[in-house]
Amino acid sequence: MIRLIKASLIRYIKSPFLIIALSSSLVFGVIHGILEWKMIHFDFEYYFNECVWLGSPMSDLWFKCSIWVVIVLISSEIGKEFSDGTIRNKLYIGHTRMAIYLSEIVSGSVMVFFHYLMFMIPTVIGGGCFFFTMSTIACLSLLGELLLFFLVWGIFSAVLTMVIADRAVGVAVVFSIMLFLAVINVNLRSYYYNTEPAEITETTVEFTEDGKPYSVERTVKNPWYIEGLPKALVNIEHEADPFSRVHNACIYAYIHYPEKAESVDFDMQMQIDRQMQYDSIVLILSGMILTATGAVVFRKKDLK
């Protein structure tokens, strides 16, 4: 299988799209880093006002842009193996389906790692006030979770294209599913995080005839309240969608000045760190399930 992995990596290196893809990830990372720096120095005054909490300046939008480039690259290159008959030739000379399948997963993951570096290096530099002031363990854990996020999408793209066994269809399907999950995750997020009842009390300011303000309390319908089956489906989507994990990573916060923190702050920090650990475990399991499921389907697929 080592020879197969080497051959796949050489194919990626020779691909003219690789430079474009890596450059795109680097550009997205630079833009993201600049926006982080701007947010820290112009919007987040508490970075310099000794606030107890230090929040992440990252935005999951730019992670989505970089992932889009990664999945298109992997799906296109693997799909090319089917369109030019390379997969059938590998089978003809004696390579097993599992060896071919796993070699594509491994080589695709290697490419994902380099895309991750291209995107994350300027991201970390731009958000240096955030990344370089947290503890080393917390920083490495956060960066590790983000790497897992990239790897899951790389595995997803490789697995789905291997199962579809068609370049054009593979790229279209992989990109469409990625776009659908990104959009639906954003639109359902408020329903998932809502903890308010069906009706909430809303306070508004109104004015008398002579212009004096006064407050008015009204009971209004909570637009984010759902229950029963819709709520269950929203919960399932949140747990299954990898974009939920990168969103949690991008809102990560830690106690910057522990000497000013209270017990409730430390309890909240423990919950945040546990969530990061949980998200990492979910991403690992997602990658394993995708790989195993794809292997079963690919072994039974008719490649004629």
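Computed from a prediction, not measured in an experiment: that's the story for all the values here.
- By the side chain to side chain contact (heavy atoms under 4.5 Å, CB included) test, F266 pairs with I255, P258, A261, sequence neighbours left out.
- Y92 belongs to a hydrophobic cluster whose other members, connected by ILVMFWY side-chain contacts under 4.5 Å either directly or through intermediates, are I93.
- Counting non-hydrogen atoms of other residues, nucleotides and ligands closer than 6.0 Å to NZ of K6 gives a total of 12 or fewer.
- E262 is linked by a side-chain hydrogen bond (donor to acceptor under 3.5 Å, both in side chains) to nothing, counting only residues two or more places apart in sequence or in another chain.
- Put simply, CZ on F131 and OG on S56 are 6.0 Å apart, with the number rounded to the nearest 0.5 Å.
- For the side chain to side chain contact (heavy atoms under 4.5 Å, CB included) test, residues two or more places apart in sequence or in another chain that qualify with M118 are L22, S25, L26.
- Using the six-membered ring where Trp is involved, F150 and Y116 have ring planes that are perpendicular, over 60° apart on the 30 and 60° scheme.
- Under the salt bridge (Lys or Arg N to Asp or Glu O under 4.0 Å) criterion, R167 pairs with no residue at all, not counting sequence neighbours.
- Relative ring orientation between F63 and H32 is described as perpendicular, the plane-to-plane angle rising above 60° on a 0-90° scale split at 30° and 60°.
- Between the side chain of Y254 and the backbone N or O of D273, no donor-acceptor pair lies under 3.5 Å.
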Using side chain to side chain contact (heavy atoms under 4.5 Å, CB included), reason through V69 and L73 one step at a time and then give a plain yes or no.
CA-CA 6 Å; V69 176; L73 170 67; 5.5 Å; no

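- Taking CZ of F82 as the start and CD1 of I78 as the end, the distance is 8.0 Å to the nearest 0.5 Å.
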Indicate every side-chain donor-acceptor pair of residues 288-298 with a distance under 3.5 Å to a residue at least two apart or in another chain.
| unit_1 | atom_1 | unit_2 | atom_2 | d |
| --- | --- | --- | --- | --- |
| T291 | OG1 | G287 | O | 2.8 |
| T293 | OG1 | I289 | O | 2.8 |

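- Other residues sharing the hydrophobic cluster of L140, ordered by chain and number and joined by side-chain separations under 4.5 Å: none, the residue standing alone.
- At a cut-off of 3.5 Å, with distance as the only test, a side-chain donor of E77 or S15 sits close to an acceptor on the other residue.
- In this structure F132 satisfies the side chain to side chain contact (heavy atoms under 4.5 Å, CB included) test together with V124, sequence neighbours excluded.
- Residues that satisfy the side chain to side chain contact (heavy atoms under 4.5 Å, CB included) test with S190, not counting sequence neighbours, are W224.
- Residues S244 and N185 bring a donor and an acceptor atom of their side chains to less than 3.5 Å of each other.
- When the salt bridge (Lys or Arg N to Asp or Glu O under 4.0 Å) test is applied to D279, the partners found at least two apart in sequence or on another chain are R245.
- Checked for salt-bridge contact, R11 and D84 miss the test: no charged N lies under 4.0 Å from a carboxylate O.
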Working note: S24 + F28, criterion side chain to side chain contact (heavy atoms under 4.5 Å, CB included); need CA distance, chi angles, decisive distance, verdict.
CA-CA 6 Å; S24 298; F28 291 139; 4.2 Å; yes

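- Under the salt bridge (Lys or Arg N to Asp or Glu O under 4.0 Å) criterion, R299 pairs with no residue, sequence neighbours left out.
- Within the 4.5 Å cutoff, the side chain of I100 has heavy atoms near those of the M162 side chain.
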Which is it for L143 and M120 under the side chain to side chain contact (heavy atoms under 4.5 Å, CB included) test, yes or no, and what are the steps along the way?
CA-CA 9 Å; L143 294 176; M120 286 305 301; 3.6 Å; yes

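- Between the side chain of S103 and the backbone N or O of I5, no donor-acceptor pair lies under 3.5 Å.
- A 4.5 Å side-chain heavy-atom check between I74 and T161 finds every atom pair outside the cut-off.
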Step by step, would you call W68 with M178 a side chain to side chain contact (heavy atoms under 4.5 Å, CB included)?
CA-CA 8 Å; W68 170 75; M178 176 266 183; 4.1 Å; yes

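- The CE atom of M134 lies 11.5 Å from the SG atom of C129; values are rounded to the nearest 0.5 Å.
- Residues W153 and F243 are in side-chain contact: their nearest non-hydrogen atoms beyond the backbone lie under 4.5 Å apart.
- Residues E237 and R189 are not paired through a salt bridge, judged by the lack of any N-O separation under 4.0 Å between the basic side chain and the carboxylate.
- The hydrophobic cluster around V220 extends to I200, counting ILVMFWY residues whose side-chain heavy atoms fall within less than 4.5 Å of a member.
- Not a single donor-acceptor pair under 3.5 Å links the side chain of N222 to the backbone N or O of E199.
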